[in-house]
Amino acid sequence: GQNIDQPTEMTATEGAIVQINCTYQTSGFNGLFWYQQHAGEALTFLSYNVLDGLEEKGRFSSFLSRSKGYSYLLLKELQMKDSASYLCAVRPYGQNFVFGPGTRLSVLP
Amino acid sequence: GAVVSQHPSRVICKSGTSVKIECRSLDFQATTMFWYRQFPKQSLMLMATSNEGSKATYEQGVEKDKFLINHASLTLSTLTVTSAHPEDSSFYICSARDPPGTGVVEQFFGPGTRLTVL
């Protein structure tokens with residue numbers, strides 16, 4: 001199976017930078033995804049990594065190291081609206097998405 | 001990106017009744033759709049994979065007779081919660097992906113349906 005781990009909760013200050021880590025155990029996959037979810041709302045796609053390295057998309061960046069089974073989502077210039085849950089998910093070969101437990105981020109003024 | 005819709009967005013029903021939730025892919029054909037449930041402050045758990053024109057594949061521990069899935073067309077899958085009980089109250093989310101061979105690996109998620117069983 002796949003074990004995916006994320007910190008349960010994080011707190012950061014408006015304007016700061018926060019890094020949300022995700023570790024996983026799987027033999028191979030078709031990519032690692034990050035999603036944002038505000039309470040009771042739909043998932044919003046943030047990023048997709050299939051190769052090692054950093055993918056940058058505005059204030060959001062995602063990093064992947066396949067050899068280490070590790071990814072992180074980096075949020076810069078935090079805004080209050082960034083308070084949400086952030087879920088990483090992997091899609092193993094021939095299988096469906098497996099989601100991590102999610103990290104609830106609280107951005108304080 | 002592709003759009004997936006769900007209807008209804010919220011539903012409240014009495015214990016013992018059945019509730020149908022629709023999931024539609026609006027601008028692409030989805031041979032495969034997925035149904036998830038999410039309890040408060042928890043992550044998404046895959047319930048079943050819905051395949052157009054064939055039976056759904058259920059995850060371990062999910063009662064197929066309780067959660068009926070029908071994928072009658074390439075743009076519509078329905079989940080029916082039969083004889084609903086308060087413990088079925090949850091956020092139900094569907095997703096869809098492009099057919100194999102399109103090169104698209106992303107799944108597109110619907111906005112979710114919040115079911116409350118009284």
Side-chain angles (χ1 to χ4, degrees), chain A residues 1-10 20-24 26 28-51 55 57 62 64 66 73 83-106, chain B residues 1-7 9-11 21 23-24 26 30-51 56-62 89-98 100-116:
Chain A
Q2 294 80 38
N3 296 317
I4 304 177
D5 197 28
Q6 297 179 239
T8 304
E9 294 189 17
M10 298 183 71
I20 303 174
N21 296 326
C22 172
T23 58
Y24 63 89
T26 184
F29 62 74
N30 279 330
L32 187 141
F33 299 78
W34 282 95
Y35 288 88
Q36 179 194 61
Q37 186 184 31
H38 288 95
E41 297 186 13
L43 294 168
T44 301
F45 170 75
L46 293 178
S47 70
Y48 165 61
N49 293 71
V50 65
L51 299 175
E55 293 283 341
K57 212 177 193 182
S62 58
L64 176 66
R66 289 172 295 171
L73 179 70
S83 293
S85 287
Y86 292 85
L87 296 89
C88 70
V90 298
R91 187 171 160 188
Y93 290 133
Q95 299 182 45
N96 301 313
F97 268 43
V98 179
F99 281 87
T103 298
R104 284 194 302 280
L105 174 66
S106 298
Chain B
V3 178
V4 174
S5 71
Q6 281 185 241
H7 177 80
S9 58
R10 292 176 182 269
V11 58
I21 303 170
C23 177
R24 294 180 184 273
L26 298 184
T31 53
T32 304
M33 291 184 174
F34 305 90
W35 287 96
Y36 297 83
R37 67 187 298 182
Q38 184 181 33
F39 291 107
K41 297 186 178 182
Q42 294 187 25
S43 191
L44 279 73
M45 297 298 294
L46 180 66
M47 297 175 65
T49 302
S50 172
N51 303 298
T57 304
Y58 290 82
E59 295 298 301
Q60 193 172 9
V62 178
S89 298
S90 187
F91 197 47
Y92 291 86
I93 302 172
C94 75
S95 71
R97 66 173 187 230
D98 287 276
T102 61
V104 178
V105 297
E106 183 183 345
Q107 281 183 203
F108 304 99
F109 288 85
T113 297
R114 182 159 304 283
L115 170 63
T116 303

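Per chain, numbering begins at 1; letters A, B, ... match sequence-line order.
- Considering only residues two or more places apart in sequence or on other chains, B:F91 meets the ring-ring contact (aromatic ring centres under 6.0 Å, His included) condition with none of them.
- Interface check for chain B: of the options A:G31, A:A89, A:G40, A:S85, the most heavy-atom pairs under 4.5 Å are formed by A:G40.
- The number of heavy-atom neighbours closer than 6.0 Å to CE of A:M10, taken from other residues, nucleotides and ligands shown, is above 12.
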Q: May I have the step-by-step check of side chain to side chain contact (heavy atoms under 4.5 Å, CB included) for B:Q38 and A:L43, ending in yes or no?
A: CA-CA 12 Å; B:Q38 184 181 33; A:L43 294 168; 5.9 Å; no
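- A:F99 CZ to B:Y36 OH: the interatomic distance, rounded to the nearest 0.5 Å, is 5.0 Å.
- Residue-environment remark: NE2 (B:H7) stays at or below the threshold of 12 foreign heavy atoms within 6.0 Å.
- Only the side chain of B:L46 has a heavy atom closer than 4.5 Å to any heavy atom of chain A.
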Under 3.5 Å, sequence neighbours excluded: what are the donor-acceptor pairs made by side chains of residues 109-116 of chain B?
| unit_1 | atom_1 | unit_2 | atom_2 | d |
| --- | --- | --- | --- | --- |
| B:T113 | OG1 | B:Q6 | NE2 | 3.1 |
| B:T113 | OG1 | B:P8 | O | 2.6 |

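- Neither the backbone nor the side chain of A:Q6 comes within less than 4.5 Å of any heavy atom of chain B.
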